[in-house]
Amino acid sequence: MIIAVYGKGGVGKSTVTSNLAVAMAKLGKKVLQIGCDPKSDSTFTIAGRMIPTVVEILDAHNYHYESIEPENLVVAGYAGVHVVETGGPPAGSGCGGYVVGETVKLLERLDLMTSYDIILFDVLGDVVCGGFATPLQYADLACVVSSNDFDALFAANRICESIVEKNASGYDVKFAGVIGNRCDQTELLETFTRRTESPLLGVVPRAETIRQSRVQGFTVFELEDMGEPVQELTTEFKRIAAHLISKPPGVIPDVVGTREMFELFRGE
Ligand code: ADP
Ligand code: MG
């Protein structure tokens, strides 16, 4: 099953995705996490280091795709999770989304798209244009990480629009729902999920241990191994992970008009 995780920049996509990847591995699944952000740090918390990106690997192989083997591309990290980073073009030139499409082609050529129980794409979603929407063409489910903020939910709505658009173009991707992150309150998240008829999959609180674990290159599961009191967090990640691997049917969201978005939360 392929799951694409989207969300506004900085909302915690990579933090949530990598913790879900480890949770799924701990639940017995063979997991591949693909970082699809030119920032290239999606899998830092799994590998414990910045791994070579697809762009760097292609460069090192003089763009001879056929000379690239799975072991050149995939790194095994914590809890046996496999990771790939697409990387991006040089700042200010090229198209980051194009790199995502090329990565998928490379993974398909190496038969890696069918070698895992779960593939998680971690995709930036401020603007889901062209290439950054590519994972939706492969995904069975998409979910959105969002804080309890207007701008994060505005991006979430755009991602919902992309899901509707992909279905209209014949792709069969369903919206699994919203994962609240860095949330002390949830009222806007609840309004949005109710209005769009989408599930609220879970809520991860703002936690200093998560912020620190990210800097140190760990998921909270590694902190748990080290004896830190993070059970509340690992339990929530495992609960969301268990739900996603149970293959929920998902929905086609009832998207909000752009102008309506500005009215939706008034009076909250
Ligand atoms: P994105 O991938 O969406 O750009 P990141 O996962 O890199 O976002 O997170 C951005 C920053 O927010 C990171 O420094 C991370 O440590 C911090 N962060 C993410 N989730 C939480 C949380 N639940 N509590 C505290 N800090 C968080
Ligand atoms: Mg990220």
Side-chain angles (χ1 to χ4, degrees), residues 3-23 32-51 53-55 77-78 81 83-88 91 96-97 99-100 103 119-128 131-132 135 142-159 178-186 188-189 200-224 228-241:
I3 305 173
V5 182
Y6 281 88
K8 182 180 156 10
V11 79
K13 294 178 295 298
S14 301
T15 307
V16 169
T17 307
S18 54
N19 277 286
L20 287 178
V22 169
L32 172 67
Q33 178 175 335
I34 305 173
C36 300
D37 188 326
K39 204 170 154 199
S40 309
D41 65 340
S42 168
T43 61
F44 179 71
T45 41
I46 306 258
R49 63 186 169 92
M50 294 294 277
I51 65 166
T53 67
V54 172
V55 171
Y78 176 72
V81 174
V83 292
V84 168
E85 282 290 346
T86 63
V99 178
V100 177
T103 299
I119 297 181
L120 288 165
F121 282 96
D122 170 13
V123 202
L124 95 174
D126 291 90
V127 187
V128 189
F132 286 114
C143 46
V144 170
V145 177
S146 177
S147 55
N148 188 45
D149 289 300
F150 176 80
D151 299 282
L153 288 166
F154 192 88
N157 191 54
R158 290 269 305 176
I159 293 151
V178 177
I179 301 171
N181 183 47
R182 242 203 257 128
C183 292
D184 300 321
Q185 269 111 34
T186 56
L188 302 190
L189 286 165
L200 181 55
L201 296 174
V203 178
V204 180
R206 180 190 303 273
E208 182 58 13
T209 39
I210 294 185
R211 194 186 64 78
Q212 284 173 1
S213 71
R214 174 72 175 61
V215 177
Q216 303 305 327
F218 299 133
T219 59
V220 287
F221 290 90
E222 260 179 295
L223 292 183
E224 192 168 52
E228 295 230 12
V230 289
Q231 211 202 341
E232 204 184 309
L233 299 169
T234 52
T235 302
E236 181 64 351
F237 283 122
K238 270 195 182 157
R239 196 186 62 73
I240 301 168

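Worth knowing before you read on, the calculation uses all heavy atoms, side chains too, and leaves out hydrogens, waters and symmetry mates. For ligands, and for the atoms within them, numbers begin at 1 and follow the listed sequence.
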Asks: Please check whether Gly9 reaches ligand 1 - meaning an N/O of the residue sits under 3.5 Å from an N/O of the ligand, judged on distance alone.
Replies: no
Asks: Among protein heavy atoms, which lies nearest atom 6 (O) of ligand 1, and at what distance?
Replies: Thr15 OG1, 2.6 Å
Asks: Does the N or O separation between Lys13 and ligand 1 drop below 3.5 Å for any pair?
Replies: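 N/O-N/O distance below 3.5 Å exists for this pair.
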Asks: Could you pull out every donor-acceptor pair under 3.5 Å between side chains of residues 148-155 and any protein atom, sequence neighbours left out?
Replies:
{"from": "Asn148", "atom 1": "OD1", "to": "Glu187", "atom 2": "N", "distance (Å)": "3.4"}
{"from": "Asn148", "atom 1": "OD1", "to": "Leu188", "atom 2": "N", "distance (Å)": "2.8"}
{"from": "Asn148", "atom 1": "OD1", "to": "Leu189", "atom 2": "N", "distance (Å)": "3.1"}
{"from": "Asn148", "atom 1": "ND2", "to": "Gln185", "atom 2": "O", "distance (Å)": "3.2"}
{"from": "Asn148", "atom 1": "ND2", "to": "Glu187", "atom 2": "OE1", "distance (Å)": "2.9"}
{"from": "Asp149", "atom 1": "OD2", "to": "Ser147", "atom 2": "OG", "distance (Å)": "2.8"}

Asks: Could you list which atoms of ligand 1 come closer than 4.0 Å to a heavy atom of Lys8?
Replies: 3 (O)
Asks: Number the atoms of ligand 1 from 1 as they appear, then name those within less than 4.0 Å of a heavy atom of Pro205, with their elements.
Replies: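 So the atoms of ligand 1 that pass are 22 (C), 23 (N), 24 (N).
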Asks: Looking only at distances, can you tell me whether any N or O atom of Val11, backbone or side chain, sits closer than 3.5 Å to an N or O atom of ligand 1?
Replies: yes
Asks: May I ask you to check whether Thr17 and Gln33 show a side-chain donor-acceptor distance below 3.5 Å?
Replies: no
Asks: Measuring from Asp122:CG to Cys36:SG, what's the distance to the nearest 0.5 Å?
Replies: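 Between atom CG of Asp122 and atom SG of Cys36 there are 7.0 Å.
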Asks: Atoms of ligand 1 less than 4.0 Å from Lys39 heavy atoms?
Replies: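 Selected atoms, number and element: 4 (O), 7 (O).
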Asks: Give me the residue, atom name and distance of the protein heavy atom closest to atom 20 (N) of ligand 1.
Replies: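 Protein heavy atom with the smallest distance to atom 20 (N) of ligand 1: Asn181 ND2, 2.9 Å.
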Asks: Any chance the side chains of Ser40 and Glu85 put a donor and an acceptor closer than 3.5 Å?
Replies: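 Result is no, nothing qualifies.
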Asks: Return the set of residues passing ring pair (Phe, Tyr, Trp, His ring centres under 6.0 Å) with Tyr78 (not counting sequence neighbours), or none when no residue passes.
Replies: none
Asks: Quick one: look at Arg214 and ligand 1, take heavy-atom pairs under 4.0 Å, and tell me if it's side chain, backbone, both or neither.
Replies: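 Under 4.0 Å from ligand 1, Arg214 contributes side-chain atoms alone.
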Asks: Return the residue, atom name and 0.1 Å-rounded distance of the protein heavy atom closest to atom 4 (O) of ligand 1.
Replies: Gly10 N, 2.8 Å
Asks: Would you say Asp37's side chain and Ser42's backbone share a donor-acceptor pair under 3.5 angstrom?
Replies: no
Asks: I need the Tyr6 OH to Arg158 CZ distance, nearest 0.5 Å.
Replies: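 Going from the OH atom of Tyr6 to the CZ atom of Arg158 covers 12.0 Å.
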Asks: Checking Asp41 now: which residues fulfil salt bridge (charged side-chain N to carboxylate O under 4.0 Å, His left out) with it, not counting sequence neighbours?
Replies: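 Salt bridge (charged side-chain N to carboxylate O under 4.0 Å, His left out) list for Asp41, sorted by chain: Lys39, Arg214.
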Asks: Around atom CD of Gln212, are there more than 12 heavy atoms from other residues, nucleotides or ligands closer than 6.0 Å?
Replies: yes
Asks: Minimum distance, heavy atoms only, to atom 12 (O) of ligand 1: which one of Arg182, Gln212, Arg206 is it?
Replies: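 Result: the heavy atom closest to atom 12 (O) of ligand 1 is in Arg182.
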Asks: Can you pull out the closest protein heavy atom to atom 25 (C) of ligand 1? Residue, atom name and distance to 0.1 Å, please.
Replies: Ala207 O, 3.1 Å
Asks: If you count heavy atoms of other groups shown closer than 6.0 angstrom to CD of Gln231, is the number above 12?
Replies: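 Open.
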Asks: To the nearest 0.5 angstrom, please state how far the OG1 atom of Thr86 sits from the CD1 atom of Ile34.
Replies: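 Reported value, rounded in 0.5 Å steps: 9.0 Å.
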Asks: I'd like to check whether Val204 has a polar contact with ligand 1, where a contact means an N/O of the residue lying under 3.5 Å from an N/O of the ligand.
Replies: no
Asks: List-wise, which protein N, O or S atoms are found short of 2.8 Å from the Mg ion (ligand 2)?
Replies: Ser14 OG
Asks: Tell me which part of Asp37 gets within contact of ligand 1: side chain, backbone, both or neither, using heavy atoms under 4.0 Å.
Replies: neither
Asks: Taking the side chain from Lys13 and the backbone from Lys8, do they hold a donor-acceptor pair closer than 3.5 Å?
Replies: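 A pair under 3.5 Å: yes.
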Asks: Quick one: nearest non-hydrogen protein atom to atom 8 (O) of ligand 1, plus distance?
Replies: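 Ranking protein heavy atoms by distance from atom 8 (O) of ligand 1, first comes Gly12 N, 3.1 Å.
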Asks: About how many Å separate CZ of Phe121 and OG1 of Thr103, when rounded to the nearest 0.5 Å?
Replies: 8.5 Å
